[in-house]
Amino acid sequence: RGGTHCMIEFSVFLYGLLTAFVLLSAEQNRRLSRPNPAMVTAVGWGLFSMSSTLAVLLGGIALALLLGMDVPALAHLALR
């Protein structure tokens, strides 16, 4: 397995940990009627922005493939 696979797996793992931390912290603060700390809010907005951007980009690639456009980078990755 190449270094790229390990980096992607680590990034997905880190994303999951951060997301779980933010959601659990926000839920606990809501139950205790406390405001969220600024860092939790900032990380939450960052994760939201990253998720939204990735969804739009992947949706664009899916639409391009659906319309029959040639996406050379995807063909290169598929051959690995």
Side-chain angles (χ1 to χ4, degrees):
R1 294 172 63 114
T4 306
H5 270 116
C6 290
M7 189 170 179
I8 290 173
E9 290 171 358
F10 177 74
S11 299
V12 170
F13 177 72
L14 187 61
Y15 174 83
L17 281 179
L18 284 173
T19 302
F21 173 75
V22 167
L23 291 175
L24 289 173
S25 296
E27 177 63 22
Q28 183 178 11
N29 289 335
R30 185 190 64 79
R31 268 192 262 121
L32 297 174
S33 299
R34 294 188 309 200
N36 288 322
M39 184 57 72
V40 171
T41 302
V43 171
W45 276 109
L47 290 169
F48 171 74
S49 300
M50 187 176 70
S51 299
S52 301
T53 302
L54 188 60
V56 169
L57 289 174
L58 291 176
I61 291 172
L63 183 62
L65 291 172
L66 185 66
L67 296 175
M69 296 178 73
D70 184 32
V71 183
L74 290 179
H76 180 265
L77 289 174
L79 295 176
R80 288 187 175 186

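The first residue in the sequence is number 1, and the count goes up from there.
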For R34, which residues count as a salt bridge (charged side-chain N to carboxylate O under 4.0 Å, His left out) partner, sequence neighbours excluded?
none
Spacing of OG belonging to S11 relative to CE belonging to M50, to within rounding of 0.5 Å
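Answer rounded to 0.5 Å: 8.5 Å.
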Could you grab the distance from atom CG of L18 to atom CG of L23, nearest 0.5 Å is fine?
11.0 Å
Can [Y] be reached from [X] by stepping across I, L, V, M, F, W or Y side chains whose heavy atoms are under 4.5 Å apart?
{"X": "V40", "Y": "L14", "value": "yes"}
{"X": "Y15", "Y": "I8", "value": "no"}
{"X": "V43", "Y": "L17", "value": "no"}
{"X": "F10", "Y": "F21", "value": "yes"}

At their closest point, which heavy atom of L47 faces which heavy atom of V22, and how far apart are they?
CD1-CG2, 4.2 Å
All side-chain hydrogen bond (donor to acceptor under 3.5 Å, both in side chains) counterparts of N36, not counting sequence neighbours:
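N36: side-chain hydrogen bond (donor to acceptor under 3.5 Å, both in side chains) contacts with N29.
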Using side-chain heavy atoms (C-beta onward) and a distance below 4.5 Å, is F48 in contact with S52?
yes
